[in-house]
Every structure is written in C-alpha cells, then in structure tokens.
Amino acid sequence: MPVLTLADLQVRLGGTLRGDGGTLIRGAASLERAGADQIAFLLSAKYLAQARASRAGGLIIPESLSESLPQACLAVANPHAAFARAVALLHPEPGLPVGVHPTAAIAEDADVHAEARVGPHVCIGAGARVGARSQIHAGCVIGPGARVGEDCLLHPRVTVQHGCVVGDRAILHSGCVIGSDGFGLAWEPDAEGGNWLKVPQIGRVVLGNDVELGANTCIDRGALDDTVIEDGVKMDNLVHIAHNCRIGRHTAIAGCVGMAGSTSIGAYCQISGAAMISGHISIGDKVTISGGSVVAKNLRSPGVYTSVMPLMPHEDWLRNAAHLRHLDALAGRLKALESRINDLHKDDPA
Amino acid sequence: MPVLTLADLQVRLGGTLRGDGGTLIRGAASLERAGADQIAFLLSAKYLAQARASRAGGLIIPESLSESLPQACLAVANPHAAFARAVALLHPEPGLPVGVHPTAAIAEDADVHAEARVGPHVCIGAGARVGARSQIHAGCVIGPGARVGEDCLLHPRVTVQHGCVVGDRAILHSGCVIGSDGFGLAWEPDAEGGNWLKVPQIGRVVLGNDVELGANTCIDRGALDDTVIEDGVKMDNLVHIAHNCRIGRHTAIAGCVGMAGSTSIGAYCQISGAAMISGHISIGDKVTISGGSVVAKNLRSPGVYTSVMPLMPHEDWLRNAAHLRHLDALAGRLKALESRINDLHKDDPA
Amino acid sequence: MPVLTLADLQVRLGGTLRGDGGTLIRGAASLERAGADQIAFLLSAKYLAQARASRAGGLIIPESLSESLPQACLAVANPHAAFARAVALLHPEPGLPVGVHPTAAIAEDADVHAEARVGPHVCIGAGARVGARSQIHAGCVIGPGARVGEDCLLHPRVTVQHGCVVGDRAILHSGCVIGSDGFGLAWEPDAEGGNWLKVPQIGRVVLGNDVELGANTCIDRGALDDTVIEDGVKMDNLVHIAHNCRIGRHTAIAGCVGMAGSTSIGAYCQISGAAMISGHISIGDKVTISGGSVVAKNLRSPGVYTSVMPLMPHEDWLRNAAHLRHLDALAGRLKALESRINDLHKDDPA
C-alpha cells in the first residue's frame, strides 16, 4: 500500500494545509475508526465534535471551516470529492496482470489491446474489441462484435452481449448483463386462446463514457433502435432498464429500480431505490423520484416526486386502509353534507 | 445478412402485396430510421403520418388499412406478428458452431445431442441431458440430472440446477437461475432466542415448452413438489418466483416482479413490472396486475387490479399523506357530522 | 438414496413412535403425494383430514396431537424442524468430489483446504482461503484475500470479491455477489453542470456463520468500515443490501427486498418480500415488515409495520385514488364543516 504525507496529498488534491504537512498517511478511514496514520474527512461543521474526538492523523475539511482542530488538516472546497481521490490514491484495487490468462477463450479475430488485462475463463467473441488498459475479470463473456472501451473495469461474471458498446472508463459490477433481449412480444390469437410470439430484438445497448452499473443490473438491448445510457450515468445493484430507454447524462439510479420500455429520463436526475417507472413516458432533467415510488406519467418540471403509502403499525393500517377502498364514497358523503349545511344556512334568516 | 424481396417475405408471412414485390429488403427498422432497403411496420392508422414520412422501402401494414401509402406494402391480419417474423428472417442471431467447445467440462455420462452447440467454459453435470440444436452459451452450468429440451437457447452464464427440467424452445437470458433452493426455514426456539433451520428443497423446477425467462431471473425449486411454469410463459428480467408456484400457460410477467411461495397464477395473465404477489394465494385466468401493485388475496375474476399511491410533488405528498395515518379517525368524524346534521334536520319542523 | 426405518429416524430426530417402527422410508413428500415408502408431516390438527387421506407410510406429527392416525407416526415437539432433518437425511444433495477440478484457476498462494471441493472453471485469487469441506461449484470467483469458512456451499457462479469474509456453513446460491462496490458518489459541480466522482469502497463484507443468501442476491462492501451480516441471517433471492448495513442475527429477509446504505436492522426481524428500506435508519429487534412496504424512519418497538395501498379493481382505483391528491383539502373541508356545525349548535338556544 502507498504511504503519502499530507503534503503529498495537497499536491495531488489541492487545498490548503493547516498543521504538519509531514504527517504520514497510510490509509483512509471513518472519523470513528481512523488511527494516527490514517486520514478521515468531515463534510461540514455538523461533525466537529466527532472530528475532535477522532484519532485520525489527518483530516480533509471544508475550507469554510474556521474552527481549529487538533489534527493536521487539508482544507478544500469539496471535501467529499477530495476524500474520494485520497482513498483512490491510498487504496489501489487489486488488478489483473497485463495480458490474457491462458484459460480465456478469445476468438481469433477479436481485437484485444496489448495493454488490456483479461482474467481466467473469460470468453471474447468474434470481432469483439477490448480497449487499452481495460480489465476483464474472471468469467466475463463479451459477445461477437461487442466493443469495450479503454480503462474499463469489468468485475467477474459480467455479460456484454453481441454488438453492444461500452464506452471508456466504464465500471461494470459482477453479474451485470448488457444487451439481454428486450421483452418484446406480439400476441397471436389462435384456436386454443392465443400465444406470445417473440419479437427479435436487434437494437444494441450503447453505454457512454464514465458509466458505472451495479451488481446484477440488466440493460436490455433495443427492439430496433438502441437503448442509450449517456455519459456519467451511475446505477446501483439489481436495476432493470428495458429496451429503448434513454437515460440522460449524470443521472443516478439507486438499487432495485425498474424502468419499462421506451421511457426517456433527462440529465441530472436522481431515482431512489425500488422506484418503478412505466414505459413510454418522458421525464425531464433534474427530477428526483423518492424511494419506492411508482411513476406512470410524464414529468416535465424539475423537483421531487413521491407516491408512497406512509408506514404504520399493522393494526393502524388495517383500520385506515379499509377506507381507501371507499374514498370516493367518503368524498361524496362530505360533499353531500356541505350541500346540506349550505341549505341550512340559506334557510337561516341571519 | 440475408437479402429478401418483399415478394419473398409474402411467401413466408402471407398477406397481400400492394406495390412492387421486387423491392429488396436487407433489414428491419423503425418507421423513423428505416432506409430504402429496410422494412418497417405500422400497427394501425394512428401511425399513417409517420408512415408517409418514412423512408422505408417496404411496410408491413394492417389489411384493414384502406389508405394508400407511397411505399411497397405487405398487408396482413396481424402486422406486429408478421413484422416479428420478418425481423427473425432478416436478422438471424449469431450462433455457436455445432459441437462442444474444448474448454467445456462435460460429465462422462451426460447426454449432449450431437447437434447441440456448447460454448466455452460450460459445465454439464452427471446424467444431464441437452437436446438437439440447443445452444448453451459460455459459462452456463447445467447440474446433475437436469434436462434441457430441443432448440433451446441458453445465453451466457445461465444456471440450471440438478434435476430441473427445461422444455423445448426455451430462451433463458444471461444470469438466469433455474432451481435455486426455495426459502424454506423452520423456526427452532432455543435458550439464546432461537434460530432458523434450513428445510432442504427437494422439488424441481419444471419449465414447459416455449418459455422465455429474462436476465438474472430466478425460479426456485419446490420444497417437496415441483415449481411449475407452463407452456408459453414469458418473463422479463430480475423476476423472482418462489418455491411451489405454478404459472399458467401464456402468462406474461414483466421485470422486477416477485412472487412468494405456493402461489398459483392462471393462464393468459399479465403481471406488470415490480408487482409483488404474496404467498399461498390463487389468481385466476386473464387477470392483469398493474405495475407496482401488491397482491395479497385471491383474485378469481378476470380484470385489471391496482394498488398504487398516485405520484405527487413531494410537498403535496407530505400534506396529503399525513392524513392517511388518521383516515379512520377522519371517516369517524364525517360519520359523527352526518349524525349531527340528521339530528338538526329532525329538529327541523319543515 | 438412503433407506431408513421410522425407528432409525427416531434415533436421529428424537420423539416417540406410534405404530410400526420398522416401516421403511425411502424419501420425504407432501401429505398429498407421499407413497407407502415416504414420510410426510403435519404441523397441527388443522391438517388431520389430509393426513387421514394420505398414503404416506409414516408421518411426523406434533406430540400434542391426541388423535390416532392410520399411519406409523413419529410424535415430536417441533414437527417442521424434525421433518427438515428427515428430508436432509433422506435426500442428500449431489456434491462435488473432494479436490480441485483441473479447469479451476487457483492462485499459487491461495490456501484451499485439502478436504475442500472445487468445481470446474472456478477462480480463486491470490491469498484467498477456502476452509475444510467447503464446496465451491462451477464458475465461482473468489477474489484475492477473500476467506470462505468451513462446510460452506457455494452454488455455481457466486462471486466473493477481494478481502470479503464468509463464515462457516454459509450457503450462497447461484449468481450471488458478495462485496460489490457500494454506491458511493461525490458530486462535483463543473462548468457543464457537474458529474459524479466515484468514492472508492474499501470496506469489506463480513458474513457470520450459518448465513444463507438467495440467488442473484447482492451485498455491497462497506465504503470505509464493513457491511456486516450476523450469524444465522437468511436472505432469499434478488435482495440488495447496500454498503455499511448491519443485519442482526437470525433475521430473515424475503425476496426482492432492497436496503439502502448505513441502515442497521436488529436480531430476529422478518422483512417480507419487496420491502424497501431507506438508508441511515435503525430498526430494532423483532420487527416485522409487511411485503411491499416502504420504511423510511427508525422503528424501535417490536411489531408488524405496513405501508401498502390496498388492491382494487382498476376502475375503483381510478375513482378512489383521485382523492388522494386532494386528501389535505378534503380534511380541511371536513374541519370547516365541523366548525360550521358547531356554530349552528352554539346558535341553537337549546
């Protein structure tokens, strides 16, 4: 593991030093757990008490923080981002050696860059391409004609199906599937009641640059046109993106979200966990969807949207929920009462 | 890629030609994107304006359409189905060569048909069987005693666990798991508070013919009896089917749906995305469940069922949702008011 | 398959015999399907009629059951647990042979116990450890420095990422991912609108003993500290546990549940299917969450909690749900009416 001084970190991250720049830093940790050779960070003055109690040797702090702290500090404009960079410098991930593992099955005409790193039991199909410095970990399958850009990191057991495109610097977590068929079915009536005919899915998935997709997340290929994930989109685990969706740049999608077909989402959106988005709708830029919400209509204005029943003790729920089946009747009764009262007042000579 | 004339397509798909049957077709595309050597389709007169503007060389149209179009047309009873067949003819998927890849690990007594196609790093267990013309792509694992029918397509990294049965013409997408253990636990109280004892799951999964399952979808094996997926059932990605469920023929299940144990669903149902279906219930034929709905009771009548909070701007939601915890009280207050008004009217000499 | 007499089962399971202890038992089955050489069980007197009609050769029954049955019976305190043990004795799962399959790629300095069983195309990284009698099925990937305990069962295609820890007797189902990166992002404003910077995730996943995780379930590694799953926790398929969560011992989590980051759940909880739990909250011991519920606040008291819209025919839903967007206004109208009626009564000379 690398050892850096706080002054080294300042050179890499910018910011101003407060205290001993010679402090040796061997790792990053949380305020609670950091030791004398580790660096921690605080986002705001809210964490001052924790910071004072911390045994960290160094702290990354907001430059707006005027309070002095017992530790050597690096004051920066964006402590979260600076800390992220510090962690990356101090904790490089174990990587594959350059070259192709002898157990990998690479098609003769696949174009794997000489500086790529390909692990055991990987399979790369005919005409596929893997760019410089990309790491393809054990058990990944890259289909015929697929393209993986430069500096990508495919964790173990990722599938990139035939013809799909992965941009530069993608991070695809284990179990991720890029380019499974969209759920395209045509109904055929017949004498016995009918059946579903598969509609072949001939579009691709096209991932922009700097995309990260979580474990076991699935992105379906387009039916005819492509499914498009723009630059900088980040998705968590177990997300389902159906065929022909388009996700705008720098949108973040949390775990267990599902998005039905042909829906487009703008840039800079945040879709919280387990939200479910219907097909054939359009969501604008900078929309935030709360966790567990169901979105079934277009959303053009930025803002936060929610559709969740509030949580209650089950006994309360039983009592309250019973009325939801009769809410229209209840509203009707209220309206009738209002009329009756209005009539009473009308009768009122006052 | 194959090149066909519109007349060739008529021979294969039926229907009647309007315009030049000699039009060369090299691919299928959407109305918007199709070029002069591509075929597109329209479902109904609703898309006439788009069709007129399309540069497609040929169109598949409903035979009911009386309007004339600038393109050569093939008029058919079911344009969606005919187009699906045209796409399959024009865009054959890249397939594996016949035979077994040298890196595959096949048990000595496994019965792999001579016309099957088995990719790299596949593992086929003792006594397992793979039928004629089935393709088993890279990294699939077929457990001991499992059976895969004829003309199946297992995409990369599918697991079929021991003893499970996959019918003919199945399409299993990447990451799909057939025959994982059901979630069977027996509670054992003990001095420290108790613990869960695993109940071994010895049933199988039995898939009928023409079943398609999406990427990373999981079907648990039965506890004692089998989990049964009937002919023609189609499921999308990331669906969870628990032990001992039974899904009736030609039912379609969209992405992210979960179904708890021992539930049975009839034929021709449509379960929309992210619906959650409780265990030990029974749903009849031709039931449609809206996306994101929770089903916790038997549904005997065909129809559409929904249980979703409507989406609102978060500020509205905060105001409205607060009352849901007190809806029973609110209904009580309404009833009390009604009594009081009735009393007033009773007092009223009129 | 083993053949046991009912008396053999009594020796292994305890309880008291009623009827012929020499009855030969070759398997376990449900009451409905069991034959003369099979054992079934009933949980309570509720199933007496089914038991009487059963063709099972032997039954495991509650010791509290006073009614006599036509079958040979083993009466025990906990029939479900005793039956679970009987099934395990009668239906041993097919296992791998001891040793390492020649196609596995094992790092030179990996420590794989001589009694471990490692299947085809497995990959075990540098410095990783696999304990005695553990089975690592085909296509699993165990990262550098990861540790898998004794007597574990890793089904095909499981990923355990670098540095993660799996306790003894773990069962990890196919497609499971342990130690994918948490969804850690720092926002960096820039001239073009900003982008997400990845925060490297350097914590581990630590699974206690006797943990079972379902197919395609994903447990993210901690950002700085660890994600911790305590002893005896059981999870079903397609569950998502985000970074830095802590799940207390013997908690059971059903399929499709999502849990956002830094949330802690107590011991002996039951989280039903498709529940969604927000980040940074704390749930105490013995809490039960109903299926499909959204939990966004701390829950300190044991009990059952629910947040689900009740299911309705869609036409009813349309009528009822419309009022939910105006519930606050409706409550306000009710309050106004109450005031008016109170005023009327005040005016009332009576």
Side-chain angles (χ1 to χ4, degrees), chain A residues 103 105 121 123 125 139 141 143-144 157 159 161-162 175 177 180-181 183 185-186 188 193-200 202 216 218 220 224-225 238 240 242 256 258 260 276 278 290 293-297 303-310 312 316 319-320 323-324 330 333-334 337 340-341 344, chain B residues 28-30 33 78 80-81 83-84 87-88 91 93-94 101 103 119-121 137-139 155-157 171 173-175 210 212 214-216 232 234 236-238 250 252 254-256 267-268 273-274 291-292 308-314 317 321 324-328 331 334 337-338 341 344:
Chain A
T103 59
H121 310 119
C123 177
V141 180
R157 304 197 297 96
T159 300
Q161 293 276 23
H162 60 93
V177 179
S180 38
D181 282 350
F183 198 51
L185 303 168
E188 283 209 306
N195 63 79
W196 295 107
L197 179 69
K198 180 177 179 69
V199 181
I202 61 172
N216 285 336
C218 307
D220 279 352
L224 295 169
D225 303 330
L238 291 165
H240 161 59
C256 305
M276 149 78 200
S278 292
S290 301
S293 294
V294 175
V295 183
K297 56 174 188 181
V304 183
Y305 297 84
T306 305
S307 83
V308 178
M309 265 291 277
M312 310 169 206
D316 292 359
R319 264 193 301 276
N320 289 316
H323 299 288
L324 288 169
L330 190 146
R333 285 161 54 198
L334 179 64
L337 268 192
R340 289 172 69 183
I341 298 248
L344 282 175
Chain B
S30 58
R33 307 243 173 153
N78 187 339
H80 198 193
F83 185 71
V87 176
H91 299 269
E93 263 193 41
H101 193 276
T103 60
H121 310 119
H137 276 268
H155 284 277
R157 305 195 299 96
I171 300 175
H173 287 283
S174 196
D210 301 298
E212 180 167 359
N216 285 338
K234 313 291 182 185
D236 200 351
N237 300 339
L238 291 166
H250 307 300
C256 306
Y268 308 109
V308 178
M309 266 291 278
L311 191 80
M312 310 168 206
H314 190 69
W317 180 83
L324 288 169
R325 295 188 208 271
H326 308 289
L327 201 53
D328 187 47
L334 179 63
L337 268 192
E338 286 171 330
I341 298 250
L344 282 175

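Proteins get letters first, then strands, A, B, ... in listed order; numbering begins at 1 in each.
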Colleague: Out of B/A252, B/G175, B/G119, which one racks up the most heavy-atom pairs below 4.5 Å with chain A?
Modeller: B/A252
Colleague: With a 4.5 Å cut-off on heavy-atom pairs, point out which of A/G258, A/P310, A/S293 contacts chain B the most.
Modeller: A/P310
Colleague: Between A/K297 and chain B, with a heavy-atom cut-off of 4.5 Å, which part of the residue counts as in contact: side chain, backbone, both or neither?
Modeller: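 Side chain only.
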Colleague: What is the minimum heavy-atom distance between A/V177 and B/A215, and which atoms define it?
Modeller: CG1-CB, 4.0 Å
Colleague: Is B/P94 close to chain A through its backbone or its side chain, or both, or neither, when contacts mean heavy atoms under 4.5 Å?
Modeller: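 Interface part for B/P94: side chain.
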Colleague: Hey, which of A/V295, A/L224, A/V308, A/T306 has the most heavy atom pairs under 4.5 Å with chain B?
Modeller: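 Looking at each option in turn, the highest pair count goes to A/T306.
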Colleague: Contact part of A/H240 toward chain B, heavy-atom cut-off under 4.5 Å: side chain, backbone, both or neither?
Modeller: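 For A/H240, the contact with chain B is made by backbone and side chain together.
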Colleague: When heavy-atom pairs shorter than 4.5 Å are enumerated against chain A, which of B/G232, B/G292, B/G291, B/A28 gives the highest number?
Modeller: B/A28
Colleague: Of all the heavy-atom pairs spanning B/N216 and A/C218, show the shortest one and how long it is.
Modeller: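 Shortest heavy-atom separation between B/N216 and A/C218 comes out as ND2-SG, 3.5 Å.
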Colleague: Which one of B/A138, B/A84, B/A321 has the most heavy-atom pairs closer than 4.5 Å to chain A?
Modeller: B/A84
Colleague: Go through B/H121, B/H80, B/E93 and name the one with the most non-hydrogen pairs under 4.5 angstrom from chain A.
Modeller: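 Of the options given, most contacts go to B/H121.
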Colleague: Chain A: which of B/A254, B/G273, B/A267, B/G214 shares the most heavy-atom pairs with it under 4.5 Å?
Modeller: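 Of the candidates given, the most pairs with chain A belong to B/G273.
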Colleague: Can you give me the closest heavy-atom contact between A/N320 and B/H326, atom names plus distance?
Modeller: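 Closest heavy-atom pair between A/N320 and B/H326: OD1-C, 3.7 Å.
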Colleague: Check A/M309 against B/M309 and note the closest heavy-atom contact, atom names and distance.
Modeller: N-CG, 3.5 Å
Colleague: Counting only heavy atoms closer than 4.5 Å, note whether A/A105 contacts chain B via side chain, backbone, both or neither.
Modeller: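 Looking at A/A105, backbone and side chain both touch chain B.
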Colleague: As an exercise: rank A/D225, A/V199, A/L334 by heavy-atom pairs under 4.5 Å with chain B and give me the winner.
Modeller: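 Heavy-atom pairs under 4.5 Å are most numerous for A/D225.
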Colleague: Please look at B/R157 and chain A and tell me whether the side chain, the backbone, both or neither of the residue comes under 4.5 angstrom of a heavy atom of that chain.
Modeller: side chain
Colleague: With respect to chain B, which residue among A/V294, A/T103, A/L324, A/L238 yields the maximal number of heavy-atom pairs within a distance under 4.5 Å?
Modeller: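 Top option by heavy-atom pairs under 4.5 Å: A/V294.
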Colleague: Would you please test A/V141 and B/H137 for side-chain contact (heavy atoms from CB on, under 4.5 Å) and show each step?
Modeller: CA-CA 9 Å; A/V141 180; B/H137 276 268; over 6 Å; no
Colleague: Side-chain contact test, heavy atoms from C-beta onward, threshold under 4.5 Å: evaluate it for B/H155 versus A/T159 and give yes or no.
Modeller: no
Colleague: Given a strict heavy-atom distance threshold of 4.5 Å, which part of B/E338 is in contact with chain A: side chain, backbone, both, or neither?
Modeller: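 Both parts, heavy atoms under 4.5 Å.
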Colleague: Pick one of side chain, backbone, both or neither for B/A274, based on which atoms fall under 4.5 Å of a heavy atom in chain A.
Modeller: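 For B/A274, heavy atoms of backbone and side chain both lie under 4.5 Å from chain A.
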Colleague: Can you tell which of A/I341, A/D316, A/D181 has the highest number of heavy-atom pairs within less than 4.5 Å of chain B?
Modeller: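 Of A/I341, A/D316, A/D181, A/D181 has the most heavy-atom pairs under 4.5 Å with chain B.
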Colleague: Output, in order, the C-alpha distance, side-chain angles, deciding distance and verdict of side-chain contact (heavy atoms from CB on, under 4.5 Å) for B/V87 and A/I202.
Modeller: CA-CA 8 Å; B/V87 176; A/I202 61 172; 3.6 Å; yes
Colleague: Judged by atom type as modelled, is there a donor-acceptor pair below 3.5 Å linking the side chain of A/W196 to the main-chain atoms of B/H250?
Modeller: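 Yes, A/W196 side chain to B/H250 backbone: donor-acceptor pair under 3.5 Å.
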Colleague: For A/M276 and B/C256, what are the C-alpha separation, side-chain angles and deciding distance, and is it a side-chain contact (heavy atoms from CB on, under 4.5 Å)?
Modeller: CA-CA 9 Å; A/M276 149 78 200; B/C256 306; over 6 Å; no
Colleague: Could you go step by step and tell me if B/D236 and A/D220 meet the side-chain contact (heavy atoms from CB on, under 4.5 Å) rule?
Modeller: CA-CA 10 Å; B/D236 200 351; A/D220 279 352; 3.8 Å; yes
Colleague: Among B/N78, B/L327, B/D210, B/I171, which has the most heavy-atom pairs under 4.5 Å with chain A?
Modeller: B/L327
